[in-house]
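Residue numbers start from 1 in every chain, and the chains themselves are labelled A, B, ... in the order their sequence lines are given, proteins ahead of strands.
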Number of protein chains: 2
Amino acid sequence: MTNNGLAEPRRTLTLRDVSEASGVSEMTVSRVLRNRGDVSPATREKVLEAAKALGYVPNKIAGALASQRVNLVAVIIPSLSNLVFPDVLSGISAELEETGLQPVFGVTNYSAEKEEAVLYEMLSWRPTGVIVAGLEHTDAARAMLENAGIPIVEIMDVDGTPVDSVVGISHKRAGLEMARAIVKEGYRKIGFLGTKMPYDHRARKRLEGFEAGLAEAGIELTDREFYSGGSALQKGREMTEAILARNPDLDFIYYSNDMIGAGGLLYCLEKGIDVPGQIGLAGFNGVDLLEGLPRKLATMDACRHEIGRRAAAIVAGRSETGLVGGERVELTPVLEPGDTIHRK
Amino acid sequence: MTNNGLAEPRRTLTLRDVSEASGVSEMTVSRVLRNRGDVSPATREKVLEAAKALGYVPNKIAGALASQRVNLVAVIIPSLSNLVFPDVLSGISAELEETGLQPVFGVTNYSAEKEEAVLYEMLSWRPTGVIVAGLEHTDAARAMLENAGIPIVEIMDVDGTPVDSVVGISHKRAGLEMARAIVKEGYRKIGFLGTKMPYDHRARKRLEGFEAGLAEAGIELTDREFYSGGSALQKGREMTEAILARNPDLDFIYYSNDMIGAGGLLYCLEKGIDVPGQIGLAGFNGVDLLEGLPRKLATMDACRHEIGRRAAAIVAGRSETGLVGGERVELTPVLEPGDTIHRK
DNA sequence: TTGAAAGCGCTAACAC
DNA sequence: GTGTTAGCGCTTTCAA
């Protein structure tokens, strides 16, 4: 840290310093710095000059306490390494861009207890609103959300009972429709490879919907396997090898995300397995990171950016619906069949 | 938002409410809630019970103003979609876990102006410290950092003059060593494919170091191309095809990141090009997301998690070096040759 | 258009 | 071990 060459001990500047430097009252300085109320151009000029010369940075802590307004939106997500969330966050940032609101991110690592702790921490900063992934919370977390007195938007998932507003897709339905599409193509011996369940409610719901969809055609899932940790691409490879070893006659694998699906696809291509003739494959998310694979994996877009955008709009009070609270926005993911699902 | 079935207008609770509910002074309530000072177990119990029953959430804004202490660490990075940064953030989170400090993230989209704005916004919350990616800032941003009076840690890169502390690797050296390794393997007609430069200083520095390394052996870069936007895997494919079309005798391609490198690798394998016999490939970052490719791409680990961890340690005052400020931590990335660089 | 007074909800410092 | 007092640096409100 440099000390600017000065010997005086450093103190952070206050409005008072700007006031003294410019010969204008603190109140007027405050008005200028916030663009509030009428201030004569001359005064305005003087103040801005002084503030800039001093390098004054306002203290939002004091400002927030006095005004009872905080321009922060708490955003709580399970993970950053899951490719899904950066997209959601970018949707949120984009929508908030011009509103003066600022997103603040917290990560729970898929733990309900951690979520509760993060939520408590964030609420103690009295944000303008909360955007939180998922509908499953501890009782205490739910109570905090209900009592916060600010807009709460639960995102990603609509299968459940929201605290206030909700923006997402039905993962049950996503699984269901994938099952129907697969059955229609004639696949019958079907396996599922996914993430370890208890922590990933949305993947669980997709699987439930998927099994329900198969059941409609009188089909039962032939085999399934779950993983946690490790490189997703690698896991996709390994699990695909394992499930095919156990079930040589499998004709379809549904993956709980695109990354493990991509691993499976690469494995099959290497082994010379005919995709989608001998075996069909599908993932979930519509991760565009994966465009550029030798073959395009069938998937279903999770509407990540749009979910973030709509959720932020609700918090910002710019929601398209015009409702005040308790909104329900269900987006519809579309099947992207790619090259791994249609039999010729 | 539910209203709990009560008709009274909702007001957020204060210490005073807990004080009245428990029959204990505000000050003692405050002590209990912060685990500060001696409080008798009986009083303690009463207070915690009342706080819990009411659903009291402390107001950190008021607390921070009164105590002049804020448990926030500002973390400023260029992007979330670049796979590099989630790893850095997880290193920061991990190190901060037990310190009571909380990271708050801001994103600049590789724009120096946006960085300046984000920095101003964050400094106005008077964080305990700042961790910011890169050494290149606007003059105003640099001035703010110098005058903030808190620990500043610039990360990722050590090639330049830091404001205060710095934790990173030398991208110049990374490029240089990659060049030496390649030359040693006998490659001579070498191309570079990378991100559009002006926004990505670290990629630029790697290229500079790389060219310097080639120059040591009297070699000049045969061709180069830059991209921006789009799916990295796809871009890697397309650019590889293009550069090989222009230079059929190219025997090595150095990519500015692993994702486009992976795209190039997939392209070459599909075309039946002998890698690394006919052509060698290398990327940068050591992204473990890519483990599971048909062949392991040569790369150099960017020490992302460790950079985050060390930077956070400095802000938290737990740095291993014991210095107070102005630390310089240069980590050494190691070449991971993988399968795409050694000629038999 | 500008200024003065009061207070946001909490904690430091000191008294008891 | 517990309470009292005086602010933290701003903005609200109201007066000039």
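- The shortest distance between the side-chain N/O atoms of A:Ser40 and the OP1/OP2 oxygens of C:dT2 is below 4.0 Å.
- Side-chain N/O atoms of B:Arg44 and base N/O atoms of D:dG1 include no donor-acceptor pair closer than 3.5 Å.
- A:Ile61 places its CD1 atom 12 Å from the C1' atom of C:dC10, with the value rounded to the nearest Å.
- The distance from atom CD of A:Glu20 to atom P of C:dG3 is 14 Å, rounded to the nearest whole Å.
- Rounding to the nearest 0.5 Å gives a distance of 12.0 Å between CD of A:Glu330 and CZ of A:Arg310.
- When distances are taken from the side chain of B:Arg31 to each of C:dT11, C:dA13, D:dT12, the shortest belongs to C:dA13.
- Distances shown here put a side-chain N or O of A:Arg34 below 4.0 Å from the OP1 or OP2 atom of D:dT12.
- For DNA chain D, no neighbouring residue in residues 116-128 of chain A is found when judged by any heavy atom under 4.0 Å.
- Only one option out of A:Leu119, A:Val75, A:Val73, A:Val153 pairs with A:Val130 in a side-chain contact (heavy atoms from CB on, under 4.5 Å); it is A:Leu119.
- In this structure the side chain of A:Val47 never reaches within 4.5 angstrom of the side chain of A:Tyr56, judged on heavy atoms.
- Nearest-nucleotide assignment on DNA chain D puts the 5′-proximal partner with B:Thr43, out of B:Thr43 and A:Arg36.
- At whole-Å resolution of the value, CG in A:Asn71 and C1' in D:dC10 are 15 Å apart.
- No donor-acceptor pair closer than 3.5 Å links the side chain of B:Ser19 to the backbone N or O of B:Leu15.
- The CE atom of A:Met27 sits 7 Å away from the P atom of D:dT11 (whole-angstrom rounding).
- Close to C:dG3, at under 4.0 Å from its OP1 or OP2, lies a side-chain N or O of A:Ser25.
- Base contact: B:Asp38 has a heavy atom under 4.0 Å from a base atom.
- Contact annotation: B:Gln68 does not reach the phosphate of D:dG7 (side-chain N/O to OP1 or OP2, under 4.0 Å).
- Of the two residues contacting DNA chain D, namely B:Ala66 and B:Pro41, the nearest-nucleotide position lying further toward the 5' end is that of B:Pro41.
- Applying the 4.0 Å criterion to OP1 and OP2 of C:dG9, one finds that B:Thr14 has every side-chain N and O outside that range.
- For A:Arg34, the CZ atom is densely surrounded, since the number of other residues' heavy atoms within 6.0 Å is greater than 12.
- A sub-4.0 Å separation between OP1 or OP2 of D:dG3 and a side-chain N or O of B:Thr28 is present.
- For B:Arg318, the CZ atom counts as densely surrounded, since its 6.0 Å shell holds more than 12 non-hydrogen atoms of other residues, nucleotides or ligands.
- The listed nucleotides are C:dG3, D:dG9, C:dT11; the one nearest the side chain of A:Ala62 is D:dG9.
- Looking at heavy atoms from C-beta onward, A:Pro58 lies in side-chain contact with B:Tyr120 at the 4.5 angstrom threshold.
- Atom-to-atom, CG of B:Leu15 to P of C:dG9 comes out at 10 Å; the value is rounded to the nearest Å.
- In this structure, CD of A:Glu26 is placed 13 Å from C1' of D:dC8, rounded to the nearest angstrom.
- Which of D:dC10, C:dT2, C:dA12 sits closest to the side chain of A:Tyr56 comes down to D:dC10.
- Using a 4.0 Å heavy-atom distance criterion, B:Arg69 is classed as a sugar-phosphate-only contact.
- Remark: P of D:dG7 and CG of A:Leu65 are 17 Å apart, rounded to the nearest angstrom.
- Atom C1' of nucleotide C:dC8 and atom CG of A:Asn59 are separated by 13 Å, given to the nearest angstrom.
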Given the rule in the salt bridge (charged side-chain N to carboxylate O under 4.0 Å, His left out) test, do B:Arg309 and B:Glu306 qualify, once you have shown the distances and angles that lead to the verdict? CA-CA 5 Å; B:Arg309 206 185 63 66; B:Glu306 181 69 2; 3.3 Å; yes
